Every structure is written in C-alpha cells, then in structure tokens.
Amino acid sequence: MDTWQCAAWSDELGERPLGRLLLCRRLVLFRDAGGAARAIGARCPHRGADLARGRIVDGCIECPFHGWRFEGDGRCARVPAQPAALKIPPQARVPALPTVERDGTVWVWTGAEIPREGPLADPPAAAGPNVRRLFFAPQLVDAPILQALENAFDKAHVPFIHRGTLGGNRDPLVARQRIDLDPDDRGLIARDDPDSPWHAAPALPRGLLGALAGVLGLRPPVTQYVRFAPPRDVHVYLEYPNGTYDLFVTHFTPADDTSTWLFVASARTRAPHALGDWIQRRVIDRIFAEGKLETDLILAAADGDAASRVSVESDRASLRVRQSYEHWRVAAQRE
C-alpha cells in the first residue's frame with residue numbers, strides 16, 4: 001500500500017539487525033554509521049541468505065553466508081571473497097525503503113510511488129512536559145488487518161475474552177455507540193451514546209488490578225472514546241474525574257494477508273511514576289495474552305456457506321471502521 005507503515009520502535013534498533021515481515025516483504029532494519037534508521041530487503045542477492053541473521057559492521061549489514069556488506073541505500077559495499085580493486089556488479093544490491101524516525105517510532109514507506117508526505121503525527125495528548133510515555137513489545141496476531149481493526153472497536157467480546165483484566169465485572173450489555181465521522185468521511189470516533197436507552201456504567205476491573213487501582217485512588221473514567229485514524233491507527237482515550245488521562249495509540253501494520261503487527265504505545269498523566277509503569281505494562285501483557293484466544297476461536301467459513309458473518313446492533317462501530325478503511329483504500333488507489 002502506498003502509505004507509511006509502522007515498522008519498529010526506535011529502541012528495537014540496537015547492536016543486531018532486526019528482521020521483520022511487513023506487507024509480505026522480509027526486511028532488515030538497522031542503524032547506519034551515522035545513527036540513522038534504515039530498512040532494506042532481507043534477501044541477499046548473492047545466494048539468497050537472510051541478512052537479518054547477519055551482523056552490523058561499520059554501519060552496514062553483513063551477510064551471514066559470504067560476508068557481503070550492504071549499506072543503508074541497499075548497495076553492496078564489500079565482497080570479501082574478491083580483491084577490493086575488482087568491480088562489484090551493479091546488480092549486487094537490495095531494495096531500500098524510505099525510512100523516517102520520529103517520536104520513538106520507525107516508519108517505512110512500502111509503496112511503489114515516491115512518498116507524498118510524512119507519517120501521521122501522534123495526537124496532541126501524546127506530547128507535553130508532564131506526559132509519561134511507554135512503548136510495549138510489538139505483537140504479531142494471527143488475523144488480517146481488517147479483522148484486527150474491527151476487534152479494537154468490539155466492546156461485546158471484552159467480558160468474555162478479557163475476564164482477568166478489563167471484563168471481569170463488566171456488564172455484557174453494550175451501550176449504543178455514537179459514531180462521529182471526520183469531515184472527509186474517513187476517520188471516526190466511537191463513544192457510548194448518552195441518549196442510548198440501555199447503558200452500562202464504567203467500572204474498575206476486579207482482582208489484582210482493581211485492588212491496585214483502589215490503593216492508588218483511581219476511579220472509573222468519566223470520558224472515553226475510540227478513534228480510527230486511517231489507514232492504520234486506533235486511539236483509545238480515557239479521562240478521569242481529576243482531569244488526568246490515559247491514551248493508548250496502536251499502529252496496525254499488515255505482516256501478510258493473514259497476520260498483523262500491533263505496535264501499542266501509551267501516553268498518560270494518570271499515575272505518572274514507576275509503579276504506574278509497572279501496572280500498565282502488566283495490564284497490557286495480560287490483555288495480549290488473553291487476546292491470543294480470540295484468533296484461536298475463529299473458524300474459517302466453509303465453502304458454500306450462505307453467510308459467514310451475521311452482525312447485530314453492538315457491531316455498528318466495528319462495521320463502520322471496516323467501511324472507513326475500505327473508503328480510504330479506494331481513495332488511495334485513485335490518488
């Protein structure tokens with residue numbers, strides 16, 4: 001797709017190459033001699049070895065098979081098996097993707113066209129002198145991107161899948177969602193409709209998480225919404241009675257047709273200390289662990305099924321996200 005994709009967190013680029021499957025392409029990410037983030041194709045043009053299993057030498061990726069070295073622009077700079085005076089074939093190069101690093105995130109341009117603009121900026125609530133930020137380990141889920149995006153807006157599954165964290169004492173009744181569209185009809189915000197005839201009051205989780213929340217004097221949020229910012233970002237915002245907030249930003253990057261990377265980062269003014277970090281990391285780790293059950297439960301539709309998906313009122317937000325994504329995709333193709 002002709003768009004910027006989240007490829008890694010900045011702190012993932014260290015002393016060793018980082019291999020990553022993005023949009024059916026195997027890439028290797030690293031820092032060059034000047035410290036800039038780079039992304040190149042992971043298949044060595046010599047004999048096809050995986051460059052991500054090599055090492056970084058003088059800002060280049062060294063192939064683990066024959067020691068060929070590749071610079072950040074994809075050009076082969078050294079072939080150890082021949083004298084330096086001999087010419088290296090011009091075909092001895094790998095694709096290099098435009099790469100931008102900003103605010104702790106590494107973005108790559110995976111499209112065929114030249115990038116028209118930079119990656120989207122984080123929402124304003126993610127910045128500021130009193131905002132505490134965390135980056136969680138990227139997660140690869142066995143679901144195509146549309147299914148993963150829909151799931152982020154699916155409130156009905158929380159009491160059943162996330163019993164140990166968010167859903168232990170949640171009423172399975174889902175309030176009608178009010179959906180506010182962006183002016184260009186691409187992005188949207190979904191929140192509980194205050195005029196809904198049925199409404200479930202927010203509550204703190206039970207168990208250890210609820211106990212810790214009580215010790216810290218935390219209360220259920222007074223404002224919360226989920227925003228879809230096409231083509232890949234979901235923002236979950238929760239604001240509390242004392243004016244503090246939690247913001248979770250998830251970048252969805254397709255690995256291939258059946259799996260998706262989730263890059264989750266948080267920004268908060270609530271509990272901005274080390275204990276708050278520990279609690280949030282523990283919660284997110286458990287949510288991811290619970291979430292693995294979701295993909296295990298899904299059976300592929302059998303051939304000849306008249307209808308593989310039946311939706312109800314509580315699916316409105318998820319279905320609208322699917323429509324917005326498809327709207328963006330069609331518009332991007334036309335551009």
Side-chain angles (χ1 to χ4, degrees), residues 1-102 104-120 138 140 145 231-232 251 253-261 263 329 332-335:
M1 295 185 294
D2 287 339
T3 186
W4 289 96
Q5 301 284 355
C6 181
W9 299 133
S10 293
D11 62 7
E12 290 189 273
L13 304 190
E15 296 180 354
R16 304 183 64 180
L18 175 66
R20 190 140 282 168
L21 176 66
L22 300 178
L23 277 77
C24 301
R25 302 176 66 175
R26 294 199 176 275
L27 304 176
V28 56
L29 293 97
F30 63 101
R31 295 194 183 280
D32 63 19
R38 298 285 195 162
I40 62 176
R43 185 181 185 278
C44 180
H46 180 217
R47 293 295 182 266
D50 184 359
L51 296 177
R53 298 174 64 180
R55 60 177 186 154
I56 302 173
V57 181
D58 297 331
C60 296
I61 292 291
E62 184 180 85
C63 177
F65 202 172
H66 297 94
W68 289 27
R69 292 184 187 175
F70 296 87
E71 302 205 17
D73 62 1
R75 180 179 58 88
C76 180
R78 183 171 186 263
V79 177
Q82 71 179 29
L86 291 184
K87 182 180 178 180
I88 297 175
Q91 299 84 0
R93 62 182 306 120
V94 293
L97 278 65
T99 306
V100 172
E101 185 173 12
R102 187 174 65 192
T105 306
V106 178
W107 303 88
V108 298
W109 179 268
T110 55
E113 302 294 330
I114 297 174
R116 294 181 294 273
E117 55 188 13
L120 292 175
L140 183 63
I145 186 170
R232 64 181 169 266
H251 307 301
T253 301
D256 53 29
D257 292 338
T258 62
S259 56
T260 305
W261 286 102
F263 295 91
R329 186 180 61 81
Q333 289 177 340
R334 290 174 179 169
E335 293 175 358

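The shown structure was predicted, so the numbers you read here are calculated from the model rather than taken from an experiment.
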Selection residues 86-100 - residue pairs positive for side chain to side chain donor-acceptor pair (under 3.5 Å), sequence neighbours left out: none
Looking only at heavy atoms, what is the nearest atom pair of G72 and A96, with distance? O-CB, 3.6 Å
Can you give me the closest heavy-atom contact between A49 and C63, atom names plus distance? CB-SG, 3.7 Å
Any salt bridge (Lys or Arg N to Asp or Glu O under 4.0 Å) involving residues 4-18? Give me the pairs, sequence neighbours left out, ordered by first then second residue. E12-R20
Tell me, do P115 and W4 make a side-chain contact under 4.5 Å, heavy atoms counted? yes
Not counting sequence neighbours, which residues clear ring-ring contact (aromatic ring centres under 6.0 Å, His included) with H46? List them please. H66, W68
Suppose we screen for salt bridge (charged side-chain N to carboxylate O under 4.0 Å, His left out). Which residues come up paired with D50, at least two apart in sequence or across chains? none
Under the salt bridge (charged side-chain N to carboxylate O under 4.0 Å, His left out) test, which residues partner E101, sequence neighbours left out? R31
Over all atoms of both residues, closest heavy-atom pair of V94 and L51: CG1-CD1, 4.3 Å
By side chain to side chain donor-acceptor pair (under 3.5 Å), R26 pairs with (sequence neighbours left out) none
Does any non-hydrogen side-chain atom of V106 lie less than 4.5 Å from one of S10? yes
CG/L23 to OG1/T110 distance, rounded to the nearest 0.5 angstrom? 4.5 Å
According to ring-ring contact (aromatic ring centres under 6.0 Å, His included), does anything in residues 21-44 pair up with another residue at least two apart or in another chain? List the pairs. none
W9: which residues meet the ring-ring contact (aromatic ring centres under 6.0 Å, His included) condition with it, sequence neighbours left out? F135, F263
With sequence neighbours left out, the residues meeting salt bridge (charged side-chain N to carboxylate O under 4.0 Å, His left out) with R53 are none
For a quick test of reading the model, state the closest non-hydrogen atom pair linking P95 to R25 and the distance between them. CB-NH2, 3.9 Å
Is the number of heavy atoms from other residues, nucleotides or ligands under 6.0 Å of D256 CG greater than 12? yes
Using side-chain heavy atoms (C-beta onward) and a distance below 4.5 Å, is T105 in contact with C6? yes
Sequence neighbours left out, what passes side chain to side chain donor-acceptor pair (under 3.5 Å) with E62? Give chain and number order. R55, R69
Which residues satisfy the side chain to side chain donor-acceptor pair (under 3.5 Å) test with R102, sequence neighbours excluded? none
Can you see which heavy atom on L22 is nearest to which on A7, and at what distance? CD1-CB, 3.6 Å
Check whether any side-chain heavy atom of P254 lies under 4.5 Å from a side-chain heavy atom of Q5, and answer yes or no. yes
Can you name the side chain to side chain contact (heavy atoms under 4.5 Å, CB included) partners of A36, sequence neighbours left out? D32
L21 side, atom CG; T253 side, atom OG1 - distance, nearest 0.5 Å: 11.0 Å
Kindly indicate whether the side chain of C60, heavy atoms from C-beta on, has any atom under 4.5 Å from the side chain of F70. no
Can you tell me how far the CG atom of D58 sits from the CD1 atom of I56, to the nearest 0.5 Å? 11.0 Å
Assess whether side chain to side chain contact (heavy atoms under 4.5 Å, CB included) is satisfied between R78 and V57, documenting all intermediate values. CA-CA 11 Å; R78 183 171 186 263; V57 181; over 6 Å; no
